[in-house]
Amino acid sequence: MREIVVGLVTQGLERLAGEGLLPGELATAFAQRSADFKVERPREKSHGDFSTNAALVLARMVGMKPRDLAQRLLAAMPGGEDVGVRCEIAGPGFINFHFSEDRLRGLIPEIRQRGADYGRSRVGAGQRVLVEFVSANPTGPMHVGHGRGAVTGDVIARLLDAIGCTVAREYYINDAGAQIDVLGRSVLYRYLECLGRDAVAPEDYYPGEYVIEIARALIERDGEAWLPAAESLRQAVPGELPKPPVGVIDFAIEWVMREIRTDLEAMHIHFDSWFSERTLHAGGGIERALAHLSAHDWLYEGVLEPPKGREVTPEEADGRTHLLFRSTRLGDDSDRPLLKADGTPTYFAADIAYHFDKARRGFTRLVDVWGADHGGYVKRVQAALEAMTGEKDLLDVVLTQMVNLTQGGKQVRMSKRAGTFVTLRDVLDETGSDAVRYWFLMRSSGAGLDFDLDLAKSKSNDNPVFYVQYAHARACSLEVKLKERELPEVAGDLARLTAAEELDLIRLLGMFPEMVEGAALSREPHRVTYYLSDLAAAFHGYYNNYRILDEDPEVRGARMALVRAAGRVIANGLSLLGVTAPVSM
RNA sequence: GCGCCCGUAGCUCAAUGGAUAGAGCACCGGCCUUCUAAGCCGUAGGUUGCAGGUUCGACCCCUGCCGGGCGCGCCA
């Protein structure tokens with residue numbers, strides 16, 4: 001629907017350009033959405049279906065009063081009558097567009113015809129986007145926060161796909177570094193314990209139950225083969241802990257990744273690729289990336305300035321020189337070290353190499369979904385990408401805030417120490433994929449989220465997931481009723497849809513494609529849940545106040561056509577979220 | 001101390017620089033013999049944390065405060 005208005009305004013601009021009033025490139029810029037004026041949805045209903053501020057923005061440039069320019073533009077646009085759009089000048093110089101009722105009703109067959117494609121577009125065509133998300137460390141099971149990131153990333157990918165982008169989903173496995181050694185030692189500790197030997201907990205270890213399970217599985221596979229390694233670990237002096245054997249580490253990582261994959265599958269999330277951090281270390285990727293940076297003068301040896309406002313321990317303040325990345329040149333607060341004291345790369349160095357690799361794979365755009373606790377890394381990774389590619393804004397980072405589990409209004413304590421750790425698996429088992437997926441998207445990703453386990457399970461209209469799915473089921477149930485009553489199938493006369501509720505419902509259906517585009521471009525999946533809530537409310541309101549299966553076959557046919565269109569849009573919206581649209585409930 | 005995010009109705013949150021800032025809960029008042037029932041309709045509720053600035057126009061952008069969260073060399 002929006003395209004119709006954009007077309008009208010573009011033609012008007014072109015004609016005014018032909019008359020020499022406006023620069024010719026304006027119309028092109030406008031049609032490509034790069035102009036600083038636009039077509040938008042007025043908040044106020046009486047202002048019509050669409051509005052443009054073109055005259056307001058351009059008035060200064062041509063030295064006219066906004067309303068006078070609006071008059072010229074209006075006159076230059078094709079007569080609205082034959083396209084079913086009435087235009088008028090209002091307020092300080094807006095041009096408002098009102099769709100005729102017939103034009104609105106015309107959307108119903110259009111939706112019917114486009115079916116599952118309604119809402120999809122090509123505005124992102126030609127873009128190749130890599131969405132990296134979850135990337136939970138393979139050191140333990142996924143918690144609910146990971147789940148939120150997982151759903152957010154998956155739906156961003158779905159949205160980008162819906163606007164015509166070529167999308168790939170990737171999971172970055174942090175299978176290198178000190179944390180992995182901690183995991184290996186934790187397993188060996190439990191391994192001794194399970195074998196009934198003397199066991200001493202290492203000073204740093206993962207306390208979760210799952211580590212015991214890993215140890216048991218390891219015993220089942222390898223018996224006592226790892227006893228020497230475990231013993232030497234037990235006898236080691238703190239501070240000089242040995243590196244656990246690769247065989248144990250690999251076993252543990254595979255075990256945890258299997259769990260993670262199971263959880264992801266339970267949420268119907270599939271990745272196109274799994275990128276192992278180890279391959280960067282082993283394959284020389286880090287050296288390549290650092291050499292590339294070095295060649296362009298982004299690296300130097302230097303002493304780090306101490307962070308302000310924070311005490312540095314004597315150990316830290318050793319005054320040694322580091323290999324540093326000049327991220328301050330690109331807006332970061334401080335230059336960043338790339339090698340640890342022992343000469344091995346920092347996590348950041350690996351991350352640089354990883355993102356370098358992404359850029360070299362030819363993506364036109366990168367999207368990362370991270371937990372908000374990694375917010376401090378955004379600038380430096382973006383700086384690194386800019387330094388390596390010369391391209392600014394190649395990477396968008398979406399940060400997801402905490403999830404609070406609640407039950408009966410009370411917060412569910414998640415504490416690894418107290419053993420009341422609630423995993424994503426627990427929540428999935430309790431409420432199911434649909435509830436989890438929908439719920440995680442009910443707030444903007446930057447806002448904290450309360451997940452009410454009781455409400456998410458309940459079959460009541462207070463449960464937003466139920467409310468939306470039920471709207472779809474209701475639409476479908478009318479189909480069944482129609483057959484049960486053996487009512488004749490009549491196309492119906494759409495002109496009989498004259499009630500304000502009916503026309504408003506159609507208007508809402510018409511906003512779906514814009515909503516999808518906006519959500520995709522801004523990487524804001526929560527817009528979909530908000531939209532679906534509104535749509536479901538409008539549908540339920542219509543259903544409650546009007547008898548769809550009216551006596552009059554013409555009315556009945558028309559209302560059923562509208563109901564089918566609404567059901568279709570709800571289904572398409574839910575599909576974007578990866579949530580099922582039940583036919584009955 | 002610095003950086004990022006946040007501050008909007010009693011609560012939880014929306015609102016690509018647009019016109020009179022919106023939902024859902026909760027509260028209050030009506031209604032409920034109907035295609036699916038766990039309800040339906042409506043009222044009220046606001047100096048958008050504070051103070052300036054930018055402009056035709058600011059919840060949105062800029063500056064400075066106040067308050068909360070996260071992060072802040074060789075953990076990932």
Starting at the 5' end of RNA chain B, which residue's closest nucleotide do you reach first, A:A447 or A:T346? A:A447
If you measure from the C1' atom in B:G46 to the same atom in B:G52, how many Å do you get, rounded? 22 Å
Pick base, sugar-phosphate or nothing for A:E44, based on heavy-atom distances below 4.0 Å to the nucleic acid. base
Heavy atoms under 4.0 Å, any strand shown: does A:M585 hit a base, just sugar-phosphate, or nothing? base
Please work out if A:D175 contacts a base, only the sugar-phosphate, or nothing of the nucleic acid, heavy-atom cut-off 4.0 Å. nothing
Taking the P atom in each of B:U36 and B:A26, what is the distance between them to the nearest angstrom? 26 Å
P atom, B:G22 versus B:U48: distance in rounded Å? 13 Å
Interatomic distance at C1', B:G53 relative to B:G17, whole Å: 16 Å
Whole-angstrom distance between B:C50 and B:G10, as gauged at atom P: 13 Å
Roughly how far apart, to the nearest Å, are B:A21 and B:G73 at atom C1'? 45 Å
What about A:D373, does its side chain sit under 3.5 Å from the base of B:G71 through a donor-acceptor pair? no
What nucleic acid atoms does A:N461 come within less than 4.0 Å of, heavy atoms only: base, sugar-phosphate, or nothing? sugar-phosphate
Is a salt bridge present between A:D335 and A:R326, judged by a nitrogen-to-oxygen distance below 4.0 Å? no
May I ask you to check if A:R2 and A:F50 form a cation-pi contact, with NZ or CZ under 6.0 angstrom from the six-membered ring centre and within 45° of the axis? no
Between A:D250 and A:R278, does any NZ, NE, NH1 or NH2 come within less than 4.0 Å of an OD or OE carboxylate oxygen? yes
Same-atom distance (C1') from B:G24 to B:U8, integer angstrom: 15 Å
Regarding A:F348, tell me which of base, sugar-phosphate or nothing describes its non-hydrogen contacts under 4.0 Å with the strands shown. nothing
For A:Y543 and B:C35, say yes or no: do the ring centres fall under 5.5 Å of each other while the ring planes differ by less than 30°? yes
Both A:G376 and A:I95 contact RNA chain B. Which one's nearest nucleotide lies toward the 5' end? A:I95
Under 5.5 Å between ring centres and under 30° between planes: does that hold for A:H322 against the base of B:G73? no
Distance-only donor-acceptor test (3.5 Å): side chain A:D462, base B:A26: no
Would you indicate what A:R485 reaches in the nucleic acid, counting non-hydrogen atoms under 4.0 angstrom: base, sugar-phosphate, or nothing? sugar-phosphate
Indicate, yes or no, whether a donor-acceptor pair under 3.5 Å links the base of B:A38 to the side chain of A:S458. no
Ignoring backbone atoms, establish whether A:H526 has a side-chain N or O less than 4.0 Å from OP1 or OP2 of B:A15. yes
In whole Å, what is the span from the CG atom of A:L399 to the P atom of B:C4? 12 Å
Would you mind classifying the nucleic acid contact of A:E277 as base, sugar-phosphate or nothing, using non-hydrogen atoms under 4.0 angstrom? sugar-phosphate
Please evaluate residues A:D368 and A:K358 with respect to the criterion salt bridge (charged side-chain N to carboxylate O under 4.0 Å, His left out), reporting the C-alpha separation (whole Å), side-chain torsions for both, the decisive distance (0.1 Å), and the verdict. CA-CA 11 Å; A:D368 283 8; A:K358 286 186 188 179; 2.9 Å; yes
Ring centres within less than 5.5 Å and planes less than 30° apart: is that true of A:Y530 and B:A14 in this structure? no
Roughly how far apart, to the nearest Å, are B:G64 and B:C60 at atom P? 16 Å
Walk me through it: do A:R556 and A:E551 pass the test salt bridge (charged side-chain N to carboxylate O under 4.0 Å, His left out)? CA-CA 7 Å; A:R556 190 199 314 139; A:E551 311 294 320; over 6 Å; no
Between A:W370 and A:H355, what is the ring plane arrangement, given parallel below 30°, perpendicular above 60°, and tilted in between? perpendicular
Remember a base hit wins even if backbone is also touched, and classify A:K38 as base, sugar-phosphate or nothing at under 4.0 Å, heavy atoms. base
Is A:E514 salt-bridged to A:R41, cutoff N-O under 4.0 Å? yes
Should the pair A:R496-A:D552 be classified as a salt bridge under the 4.0 Å nitrogen-to-oxygen rule? yes
Tell me whether the side-chain N/O atoms of A:R43 come closer than 4.0 Å to OP1 or OP2 in B:A19. yes
Check every strand shown and say whether A:G518 touches a base, only sugar-phosphate, or nothing at a heavy-atom separation below 4.0 Å. nothing
Between P of B:U12 and CG of A:L441, the distance in whole Å: 21 Å
Reckon A:R474 touches a base, only the sugar-phosphate, or nothing at all at heavy-atom distances under 4.0 Å? sugar-phosphate
Heavy atoms under 4.0 Å, any strand shown: does A:P66 hit a base, just sugar-phosphate, or nothing? nothing
Nearest-angstrom distance from the residue atom CZ of A:R185 to P of B:C75: 12 Å
Using a 4.0 Å heavy-atom cut-off, does A:V39 contact any base of the nucleic acid, only the sugar-phosphate backbone, or nothing at all? base
Within the structure shown, what part of the strands sits under 4.0 Å from A:G448 by heavy-atom distance: base, sugar-phosphate, or nothing? sugar-phosphate
Please state how far atom CG in A:N544 lies from atom P in B:C31, giving the value in whole angstrom units. 18 Å
A:N545 CG - B:C35 P separation (whole Å): 15 Å
With sugar-phosphate meaning primed atoms plus P, OP1 and OP2, does A:S444 contact a base, only sugar-phosphate, or nothing at under 4.0 Å between heavy atoms? sugar-phosphate
